[in-house]
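Below: the structure, in structure tokens.
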Amino acid sequence: QVQLVESGGGFVQPGGSLTLSCAASENNFQSHTMGWYRQAPGKARELVARITSGGLKWYGDSVKGRFTIFRDDAKNPVYFRMNSPKREDTGVYSCNKNPELMIGSRAYWGQGTQVTVSS
């Protein structure tokens, strides 16, 4: 049984902060690169951050310098700290392996967590 569960989203004002959490049902995810993906309204899902099992990080230009991805291997969560979010950061945020988890020929996605940035 495989599942990805995201949490921590909600409403946040510009200049505020928010931390997203990702829980994977299988603890072997700790040996894989994990990423945070964002799907903004009317746009395709895109990778915005990732972290390897060794702690190496990558960020998309849209979040670089503002958001931080980190993980706790002992407890198998992956986090995404969002500082000073902008209205353009609004969207559904999902976590997944990078490359994403495949079940058969389809990528597997959890429900995601909605982040709405508004004044």
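Fair warning: this is a prediction, and the values are worked out from it, not measured in the lab.
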Single-linkage hydrophobic cluster Leu20~Trp58, side-chain heavy atoms < 4.5 angstrom: no
Set of side-chain hydrogen bond (donor to acceptor under 3.5 Å, both in side chains) partners for Arg81, sequence neighbours left out: Ser17, Thr19, Asn83
Connected via hydrophobic side-chain network under 4.5 Å: Met34 and Val5: no
Non-neighbouring partners of Arg87 that pass side-chain contact (heavy atoms from CB on, under 4.5 Å), sequence neighbours left out: Pro14, Ser119
4.5 Å side-chain heavy-atom contact, Thr90 and Val115: no
Interatomic distance, Phe11 atom CZ to Thr116 atom OG1 [nearest 0.5 angstrom]: 4.5 Å
Straight-line distance of Ser62 OG to Lys86 NZ, nearest 0.5 Å: 9.0 Å
side-chain contact (heavy atoms from CB on, under 4.5 Å) involving Ser7 - partner list, sequence neighbours excluded: Ser21
Any side-chain heavy-atom pair of Arg66 and Asp89 under 4.5 Å: yes
Residue pairs fulfilling salt bridge (charged side-chain N to carboxylate O under 4.0 Å, His left out) with at least one residue in residues 45-59, sequence neighbours excluded: Arg38-Glu46
Pairing of Asp61 and Lys64 as salt bridge, 4.0 angstrom limit: yes
Side chain to side chain contact (heavy atoms under 4.5 Å, CB included) assessment of Leu4 paired with Tyr108: CA-CA 9 Å; Leu4 292 161; Tyr108 173 87; 4.0 Å; yes
Straight-line distance of Leu18 CG to Ser84 OG, nearest 0.5 Å: 12.0 Å
hydrophobic_cluster_shared for Ile69 and Tyr93, side chain cutoff 4.5 Å: yes
Residue pair Val12 / Met82, side-chain heavy-atom distance below 4.5 Å: no
Value rounded to 0.5 Å, distance of CG in Asn96 from NE2 in His32: 11.0 Å
Residue pair Val78 / Trp36, side-chain heavy-atom distance below 4.5 Å: yes
Whether Phe80 and Phe67 hold their rings parallel, tilted or perpendicular, with breakpoints at 30° and 60°: perpendicular
Cluster link Tyr79 to Leu56, ILVMFWY, side chain under 4.5 Å: no
Ala107: side-chain contact (heavy atoms from CB on, under 4.5 Å) partners, not counting sequence neighbours: Glu100, Met102, Trp109
Leu47 reachable from Val63 in the ILVMFWY side-chain graph, under 4.5 Å edges: no
Sequence-distant partners of Val92, side-chain contact (heavy atoms from CB on, under 4.5 Å), two or more places apart: Ser94, Gln114
Donor-acceptor contact present, side-chain Glu6 to main-chain Cys95, <3.5 Å: yes
